[in-house]
Amino acid sequence: MPEEAGFPPAKRFRPGSGPPSRAGSFPPGRRVVMLLTAGSGGRGGGGGRRQQPPLAQPSASPYPEAVELQRRSLPIFQARGQLLAQLRNLDNAVLIGETGSGKTTQIPQYLYEGGISRQGIIAVTQPRRVAAISLATRVSDEKRTELGKLVGYTVRFDDVTSEDTRIKFLTDGMLLREAISDSLLRKYSCVILDEAHERTIHTDVLFGVVKAAQKRRKELGKLPLKVIVMSATMDVDLFSQYFNGAPVLYLEGRQHPIQVFYTKQPQNDYLHAALVSVFQIHQDILVFLTGQEEIEAMSKTCRDIAKHLPDGCPAMLVLPLYASLPYAQQLRVFQGAPKGYRKVIISTNIAETSITITGIKYVVDTGMVKAKKYNPDSGLEVLAVQRVSKTQAWQRTGRAGREDSGICYRLYTEEEFEKFDKMTVPEIQRCNLASVMLQLLAMKVPNVLTFDFMSKPSPDHIQAAIAQLDLLGALEHKDDQLTLTPIGRKMAAFPLEPKFAKTILMSPKFHCTEEILTIVSLLSVDSILHNPPSRRDEVQGVRKKFTSSEGDHITLLNIYRTFKSIGGNKDWCKENFVNSKNMILVAEVRAQLRDICLKMSMPIMSSRGDMESVRRCLAHSLFMSTAELQPDGTYATTDTHQPVAIHPSSVLFHCKPACVVYTELLYTNKCYMRDLCVVDAEWLYEAAPEYFRRKLRTARN
DNA sequence: GAGCACTGC
């Protein structure tokens with residue numbers, strides 16, 4: 001046990017002053033149209049809290065009166081009339097609502113009851129599928145209608161709407177996809193962008209899309225489009241400014257008070273500090289760390305220490321939590337600990353927003369997160385452990401006050417906290433923009449280079465995406481105007497990264513569309529390979545029979561084919577260390593992609609075991625992502641001569657092929673290539689002679 | 001020689 005264990009937390013922590021009071025965080029001069037007060041409110045306010053329902057939804061009461069009573073008891077209900085009167089007359093509004101304010105479930109109903117949806121549907125976007133589905137379920141229960149009639153939802157692979165649907169919950173990505181076929185969003189009278197504070201890349205693009213649609217519809221004298229932005233944080237200046245100074249409406253919720261403690265001294269080892277804290281707080285705890293490896297190691301250490309606790313100390317149930325953990329193991333965090341046990345959940349930021357665990361009173365925040373950063377100089381995305389933003393820290397803190405008052409221990413000083421960034425950099429400034437640019441071009445945005453983003457990505461960043469699309473043959477430059485080529489338009493039809501869409505479109509030339517559909521599907525979902533570190537030898541033994549010396553793509557294809565040919569099921573997956581949930585998803589994606597091909601009247605053929613055609617096809621479409629073996633035994637990318645290495649997860653890790661294409665570069669400690677395919681340098685040259693004229697080392701020799 | 005935050009179409 002760590003030596004400090006046993007000291008009461010107060011010895012090492014000191015209470016913080018908490019976030020600014022609500023009223024205080026409004027900049028002076030702000031036009032606050034409405035201030036609703038109901039419920040207790042709390043000190044923990046100010047952070048990015050959200051109101052996603054828990055995974056396990058309590059079913060609605062079978063008694064209509066009870067449902068109605070519950071609706072009326074929500075804080076928001078008292079402001080119903082006032083809200084509706086305001087919203088009816090506004091084109092734009094920004095709504096801040098705390099957890100439990102009921103804004104997401106009630107506002108769409110108020111608008112519906114107020115007749116807003118008579119001429120068009122009310123859309124409510126969500127960043128996550130589960131949220132869209134469970135919210136639609138709840139609202140349709142409240143309206144006492146069948147799901148899919150008055151209230152429905154649309155997410156990928158699942159459209160539960162009908163001609164009667166007036167309130168439609170959908171993922172932000174889904175509405176964006178709809179905008180490709182109708183950029184004016186004609187079927188909607190109102191779009192509510194919920195959870196806007198999360199600033200997902202899709203929501204950020206939608207900001208621009210709905211703003212443009214609103215303006216254009218007005219110019220054309222069509223049905224006006226009402227846009228409501230909903231956020232759980234106070235930082236709404238940007239939203240309000242962007243939507244022409246839209247009024248901000250504030251709704252108070254029912255957050256419980258949370259006491260915040262900071263360390264007295266900066267901690268240079270956050271892992272050690274976290275470990276000590278876990279044993280000092282003899283309660284159920286949620287600990288935030290950065291990644292799988294760290295979490296597994298910490299879990300093991302905690303279990304080992306807990307074995308030797310003195311008599312009278314409650315035993316400890318340690319539960320790791322991260323996205324790639326098999327679903328059944330994720331579910332364990334929702335179950336109560338056995339009697340006499342205390343529950344310690346060690347989690348990534350998945351527990352910040354995606355998974356809500358009720359009954360957590362204690363949160364330990366290391367202040368660290370693993371996140372993608374974009375390096376505009378190299379154009380590379382870097383995955384790095386870094387400080388959280390203030391908003392993120394408040395989000396974590398808020399997880400302690402879901403059911404009752406709580407306590408949050410921050411493993412950093414208050415002075416350190418003050419230096420954290422105010423907000424997390426929006427995703428749109430941290431990712432490759434090729435997909436976004438392709439989608440905007442498909443919507444016929446007049447000038448993508450000057451598109452009205454709320455937070456503009458740098459010009460270099462946009463230019464890099466345009467260059468990538470150009471290489472893929474998606475762009476046409478006409479009179480200083482960028483438009484899509486016929487291939488570019490087809491690429492936009494696929495829910496894929498542009499380069500994968502291109503791979504599919506190239507495949508008929510190599511008579512291997514069936515194989516490529518499988519490979520692209522496998523690459524576009526989370527890995528189907530399950531690699532428990534404790535059973536590494538076993539995994540290697542089992543996987544050997546699928547391994548191809550031609551690389552990861554062919555190996556994955558082998559696994560999928562075997563799974564299909566023997567009628568694979570869950571047991572087969574378990575025996576072969578395959579993640580069955582992801583495997584099912586691959587089949588769904590594949591069916592969707594195949595449908596799109598059929599609609600385009602693409603010939604769909606199989607290469608019937610000829611893997612060289614498949615590799616040629618990959619070489620012809622991924623030629624900008626290649627690396628070559630150097631005389632010193634290392635690898636360098638062909639285009640920029642960036643030093644790269646084969647990722648340890650690759651089947652080629654111990655091999656040294658002369659030339660490979662990869663599907664992803666991942667910068668962690670080193671720059672790693674993931675998902676490799678052995679190719680012939682000659683093929684690359686054939687694919688893009690201009691591009692490779694002076695680049696290829698092997699072809700030159 | 002040695003490793004993969006989180007979503008979503």
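For clarity, every value in this text was computed on a predicted model and none was experimentally measured. Heavy-atom basis, side chains included; hydrogens, waters and symmetry copies ignored. Naming: A, B, ... by sequence-line order, numbering from 1 per chain.
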A:R128 vs A:E198, salt bridge (Lys or Arg N to Asp or Glu O under 4.0 Å): CA-CA, chis, key distance, verdict: CA-CA 11 Å; A:R128 281 168 290 279; A:E198 289 195 26; 2.7 Å; yes
Contacts of A:Y270 that satisfy side chain to side chain donor-acceptor pair (under 3.5 Å) - sequence neighbours left out: A:E294
If I take atom [atom1] in residue [X] and atom [atom2] in nucleotide [N], what distance separates them, rounded to the nearest angstrom?
X      : N     : atom1 : atom2 : value
A:D204 : B:dC6 : CG    : P     : 21 Å
A:R396 : B:dA5 : CZ    : C1'   : 10 Å
A:E497 : B:dC9 : CD    : C1'   : 12 Å
A:K370 : B:dG3 : NZ    : P     : 10 Å
A:L325 : B:dA5 : CG    : P     : 13 Å
A:N669 : B:dA5 : CG    : C1'   : 15 Å
A:R387 : B:dA5 : CZ    : P     : 19 Å
A:E198 : B:dT7 : CD    : P     : 11 Å

Tell me every residue that passes ring pair (Phe, Tyr, Trp, His ring centres under 6.0 Å) with [X], counting only those two or more places apart in sequence or in another chain.
X      : answer
A:F239 : A:F207
A:F653 : none
A:H202 : none

A:Y672 vs A:S435, nearer the 5' end of DNA chain B by closest nucleotide: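 On the 5' side of the pair lies A:Y672.
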Pairwise 5' ranking along DNA chain B for A:Q439 and A:E293, keeping only the more 5' one: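 By nearest-heavy-atom nucleotide position, the 5'-most residue is A:E293.
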Nearest listed nucleotide, side chain of [X], among [options]:
X      : options             : answer
A:A323 : B:dA2, B:dC6, B:dA5 : B:dC6
A:R177 : B:dC9, B:dG3, B:dC6 : B:dC9
A:I350 : B:dT7, B:dA2, B:dC9 : B:dT7
A:R156 : B:dG1, B:dC9, B:dT7 : B:dC9
A:R128 : B:dG8, B:dG3, B:dC6 : B:dG8
A:Y322 : B:dG3, B:dG1, B:dC6 : B:dC6
A:S354 : B:dG1, B:dG3, B:dC6 : B:dC6
A:D526 : B:dG3, B:dT7, B:dG1 : B:dT7

Base of B:dG1 and ring of A:F653 stacked, centres under 5.5 Å, planes under 30°: yes
Charged tip of A:R399 within 45° of A:W394 ring normal and under 6.0 Å: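 Checked: cation-pi criterion not met.
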Sorted by number, the residues of residues 167-176 of chain A with heavy-atom contact under 4.0 Å to DNA chain B: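 Of all residues in residues 167-176 of chain A, the ones placing a heavy atom under 4.0 Å from DNA chain B are A:T171, A:G173, A:M174.
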A:K300: partners by salt bridge (charged side-chain N to carboxylate O under 4.0 Å, His left out), with sequence neighbours left out: A:D304
Approximate separation, where rounding is to 0.5 Å, of A:L665 CG and A:T637 OG1: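 These two atoms lie 7.0 Å from each other.
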A:R129 vs B:dC9: side-chain N/O to OP1/OP2 distance below 4.0 Å: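 For B:dC9, OP1 or OP2 has a side-chain N or O of A:R129 closer than 4.0 Å.
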Phosphate contact (B:dC6 OP1 or OP2) by A:T348 side-chain N/O below 4.0 Å: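 Answer yes for this pair, as a side-chain N or O of A:T348 is under 4.0 Å from OP1 or OP2.
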Sugar-phosphate only, base, or nothing, as touched by A:V155 at under 4.0 Å among non-hydrogen atoms: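 The answer is sugar-phosphate, as A:V155 gets under 4.0 Å only of primed atoms, P, OP1 or OP2.
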Sugar-phosphate only, base, or nothing, as touched by A:L383 at under 4.0 Å among non-hydrogen atoms: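 It contacts base atoms.
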